[in-house]
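Contents: one structure, followed by commentary.
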Number of protein chains: 2
Amino acid sequence: MQDLKPTSQDCSDCPIRHRAVCARCEQDELKLLEEIKYYRSFEAGQTVIWQGDKMEFVASVVTGIASLTQTMEDGRRQMVGLLLPSDFVGRPGREHAAYDVVATTNLVMCCFRRRPFEQLMITTPHIAERLLQMTLDELDAAREWMLLLGRKTAREKIASLLAIIAQRTAALDQAVTNNSLSFDLPLTREAMADYLGLTLETVSRQISALKKDGVIHLEGKRAVTIPDMNMLLDEAGDDSDGGMLA
Amino acid sequence: MQDLKPTSQDCSDCPIRHRAVCARCEQDELKLLEEIKYYRSFEAGQTVIWQGDKMEFVASVVTGIASLTQTMEDGRRQMVGLLLPSDFVGRPGREHAAYDVVATTNLVMCCFRRRPFEQLMITTPHIAERLLQMTLDELDAAREWMLLLGRKTAREKIASLLAIIAQRTAALDQAVTNNSLSFDLPLTREAMADYLGLTLETVSRQISALKKDGVIHLEGKRAVTIPDMNMLLDEAGDDSDGGMLA
DNA sequence: ACGGTGCTTTGATACAGATCAAAATATCAA
DNA sequence: TTGATATTTTGATCTGTATCAAAGCACCGT
């Protein structure tokens, strides 16, 4: 488990390739994956899977952003997962989807037929190991979110969300000058509200407030600049050391 | 992964024995576990591990209840996990605890020295597999909780918590007569508040309200009777089919 | 029985965020 | 360019839950 280090190229067909590349894939495993793999594209707003649908595949996000959402009978919605490139979706062993999966931007996913993938997991222990690590990461993220949902103020929630998106997308494709950085906000106000347990009006107001206070900058409606990341993290109320990666 | 069925006796020393007994443990694996295993007891209120402490062990709850809690600098607290008998705690591969672990009742844990346990996971794939299943279950529970924290009303939150405790403890030690069942509430009002993202006053008020409306019964302060489980589930706002186990 | 120390309940009031409503702005097709 | 539609902002008001405060109860050691 210790020898999995993020690199960039080898093993590009591995379902678990992105966040940390698997250094142990054997040629024949890759062949097996090749056989059960296919790509699918979705447009922003399209639903990838409905809660309760039969799961024919598990998948990994290649480009774009998807969200996992739970809905109550009366329509209240809560996002419970945000899938960025490299994130995995689908639970091996589960027949039916537990959540709606929605493309919040244009989206490309790399899908693996579920049954053969499950088989592969059994014969290839290190895939299961890797999946365990990823699941534990997700669990940590979920628990961080629970703190946010249960105890943070609206302003702190917004700041936290911006910080998370900034950190995750900055790693991928962004110029970071000293403490400042820019990125494109990939979520509508409504999607943010669903993520944060707020209404879209409150999201809008708090973003305006952060803007007025100079914590963030907006060009147009979607392009965000964060002049000072530390200022944002202060607003987020996270315990000091930007623990994201611990 | 399909051949793990809940039974009751064999393999009683296996760290993953409880919720579903591992049918594949070999004799020598048990010997290895025996060597790295020890029991620890805690009194209600004691802290098992502080966030940031060095993790010397991973463990499984034998009896009693523990909680995982996150705390913000200014003292706001959010419980992010409730550990009942059979639940596992500790992340293999992580040096330092990410959360406070607190005994909310008297507690007995079966601990395994961390390093040797990690080693064992590498040499014994099916332990990793089992751990993956348990982690995925926890992730599902966490996401259910995110819906609760983000979108449910105070009354729905209380009803949901009672339903969860009822369902998890009923399985272990309770007489269930038709739809009615009783159990001992193992959490203080404050602990419930930390779990639900509420204040203890609100918890108290809502419990009183549920009592007045006949949804629950209290004898003393801790013994709860639920006359009709379906009524409680209605109050919880969960989507119809008590999906807990899906 | 006594007084202490924690829990829990109940009451009065305040406020953050929800809700309802409408205007402003962006997006896009023709 | 011009509507037509979707998204975002802003305003006015309402409400569920927090906050502050105090009283009620249960448990425990002496």
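In this text, all values refer to a predicted model and were calculated from it rather than measured experimentally. A, B, ... follow the sequence lines: proteins, then strands. Residue 1 opens every chain. Below, all heavy atoms of this structure are taken into account, side chains as well, without hydrogens, waters or symmetry copies.
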Would you tabulate the pairs of protein nitrogen or oxygen atoms and nucleotide nitrogen or oxygen atoms of nucleotides 20-28 of chain D closer than 3.5 angstrom?
residue : atom : partner : partner atom : Å
D/dC20  : N4   : B/E201  : OE2          : 3.1

Just how far is it from atom CE of A/M109 to atom CZ of A/F57, taken to the nearest 0.5 Å?
6.5 Å
Once rounded to the nearest 0.5 Å, what's the spacing between atom NZ of B/K157 and atom CE of B/M192?
14.5 Å
Between [atom2] on [N] and [atom1] on [X], what's the gap in Å once rounded to a whole number?
| X | N | atom1 | atom2 | result |
| --- | --- | --- | --- | --- |
| A/L200 | C/dA21 | CG | P | 16 Å |
| B/L218 | C/dC7 | CG | C1' | 14 Å |
| B/E190 | C/dT9 | CD | C1' | 15 Å |
| B/R76 | D/dA18 | CZ | C1' | 13 Å |
| B/Q78 | D/dA18 | CD | P | 12 Å |
| A/K211 | D/dT9 | NZ | C1' | 9 Å |
| A/I207 | D/dT9 | CD1 | C1' | 11 Å |
| B/R189 | D/dT17 | CZ | P | 17 Å |

Cationic N near anionic O, under 4.0 Å, [X] to [Y]:
| X | Y | answer |
| --- | --- | --- |
| B/R94 | A/D140 | yes |
| B/E156 | B/R151 | no |
| B/D213 | B/R155 | yes |
| B/D184 | B/K221 | no |

Just call it for [X]: base, sugar-phosphate, or nothing, with non-hydrogen atoms closer than 4.0 Å on any strand.
| X | value |
| --- | --- |
| B/T188 | sugar-phosphate |
| B/L198 | sugar-phosphate |
| A/G197 | sugar-phosphate |

If you draw a 6.0 Å radius around NE2 in A/H217, do more than 12 non-hydrogen atoms from other residues or ligands fall strictly inside?
no
Passing candidate, side-chain contact (heavy atoms from CB on, under 4.5 Å) with A/V101, options A/D53, A/V89, A/T69:
A/V89
Determine the sole option in B/M72, B/E190, B/Q70 for which the side-chain contact (heavy atoms from CB on, under 4.5 Å) test with B/R77 is passed.
B/E190
What class does the angle between the rings of A/Y195 and A/W145 fall in, given that below 30° is parallel, 30 to 60° is tilted and above 60° is perpendicular?
tilted
Within residues 147-160 of chain A, find the residues that approach DNA chain C with a heavy atom at under 4.0 Å, and present them sorted by residue number.
A/T153, A/A154
So, OP1 or OP2 of [N]: does either fall under 4.0 Å of a side-chain N or O from [X]?
| X | N | result |
| --- | --- | --- |
| A/T199 | C/dT19 | no |
| B/T202 | D/dA18 | yes |
| A/S204 | D/dT9 | yes |

Along DNA chain C (nearest heavy atom to each residue), the more 5'-positioned of A/R222 and A/V203
A/V203
